[in-house]
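This report concerns only the one structure given below.
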Amino acid sequence: MTPPAVFTGWGSALPSTIVTNRDLEQRLDTSDAWIVERTGIRERHVGGTVADLATEAARNALEQAGTRPEDVDMLILATTTPDETVPHTSSIVHHRLGLGGGAMDVNGACAGFVYALVAAYGSLAVGARRVLVVGADCLSRITDWDDRSTAVIFADGAAAVLIEATGGADPLHGGPGLLSHDLGIDGSAHDLLYCPHGGTLAMDGREIFRRAVRATVESATMALSRAKVAVEEIALFVPHQANLRIIEASCARLGIPPQRTAVVLDRTGNTSAASIPLALCDALGTERIADGDLLLLSGFGAGMSWASAVVRWAS
Ligand code: COA
């Protein structure tokens, strides 16, 4: 059992350049109607570096929390597009913000943020007080902009949360924090979505779609069962933002209505590790989350990896 913990700050960062479906129509054999119907994406943000976006998102989270950077005990940066092979991008973010404690990158592709969040609660269990968790990716850098099957999907962004240990009841007895998680991977499917060094993303879209719905439903169901929480008790489902049809198919099978689901991909595209925290921050910005709410977070992605968590929100 991880200790009770609250979210004291959150923030996001998106590049200022917006690429709409109409922009893509100008350079690719595609259409706004096709992209909206098949993916739900209308526009996406493109540009910047992972370090830039992650730093901005993390700074916003720290400012909201009113926490001094040196009082952070750990930075965990989920990214699948590190700016350089060496060093890990979190070292740059750590330096720019003047954080205390350690820093590491987690590469769990689009499931990376939930992997990082679970690792953050683990850090609290072994004595950390405050952990900054950031999801940040610049997929536009590894996307072939002449390939319509990927160029319409992938984009850039970052979002961060600051979690802080607190006193009182543990999460399984009404306290805030992590009630359960489910992490998994089927590495035999690693070649369904890949990018070699110096290359661009290639994927088998149809097969990923099929597996994504199954992985999301099975992983979310496992996390709910471990938390002993019924799906009706979930105030907000925050899924990975890859394709609106994947989200809708998963929600239909899980029994979660659209009004209890966070969707931001129409404005962001698929931002990999940033997608779940971006959707979370968007929901917080529109006051869809209140203290005491149970959240179900669920991601899937390259690997093929998946990760779900049930969290009782308190700020
Ligand atoms: N614009 C117009 N037509 C396109 C297109 C585009 N951007 N991309 C593909 N097409 C065409 C295909 O060439 C195909 O044409 P054909 O029937 O003449 O062969 C047709 O549209 C249907 O292709 P298909 O791949 O079956 O479409 P789809 O409904 O499966 O949608 C994806 C394609 C990629 C949007 C969808 O499979 C998907 O989202 N998969 C999951 C990908 C994902 O989430 N990856 C990240 C995981 S984290």
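For ligands, and for the atoms within them, numbers begin at 1 and follow the listed sequence. Reckoned from all heavy atoms, side chains included, excluding hydrogens, waters and symmetry mates. Positions are given from 1, in the same order as the sequence printed here.
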- Task: From the options Met304, Arg210, Arg206, select the one whose nearest heavy atom is closest to atom 25 (O) of ligand 1.
- Result: Arg206
- With no hydrogens and no angle check, do the side chains of Thr81 and Asp137 hold a donor and an acceptor under 3.5 Å apart? yes
- Task: Return yes if a side-chain donor-acceptor contact under 3.5 Å exists between Asp156 and Ser140, otherwise no.
- Result: yes
Residue, atom name and distance, where the atom is the protein heavy atom closest to [atom]:
atom: atom 43 (C) of ligand 1; result: Ile208 CG2, 3.9 Å
atom: atom 38 (C) of ligand 1; result: Asn243 ND2, 3.6 Å
atom: atom 40 (N) of ligand 1; result: Gly205 O, 2.9 Å
atom: atom 45 (N) of ligand 1; result: Met203 SD, 3.5 Å

Can an N or O of [X] be found at a distance shorter than 3.5 Å from an N or O of ligand 1?
X: Asn270; result: no
X: Arg245; result: yes
X: Ser31; result: no
X: Thr39; result: no
X: Arg148; result: yes

- Mark yes when over 12 heavy atoms from residues, nucleotides or ligands other than Arg288 sit less than 6.0 Å from its CZ; otherwise mark no. yes
Any protein heavy atom sitting closer than 4.0 Å to [atom]?
atom: atom 17 (O) of ligand 1; answer: no
atom: atom 3 (N) of ligand 1; answer: yes
atom: atom 22 (C) of ligand 1; answer: yes

Which part of [X] is near ligand 1, with near meaning a heavy atom under 4.0 Å away: side chain, backbone, both or neither?
X: Val152; value: side chain
X: Ile153; value: side chain
X: Ile35; value: neither

- Find the distance between CZ (Arg148) and CD (Glu25) and round it off to the nearest 0.5 Å. 13.0 Å
- Query: side chain to side chain contact (heavy atoms under 4.5 Å, CB included) between Val106 and Thr79: does it pass, once the steps are laid out?
  - Reply: CA-CA 6 Å; Val106 166; Thr79 185; over 6 Å; no
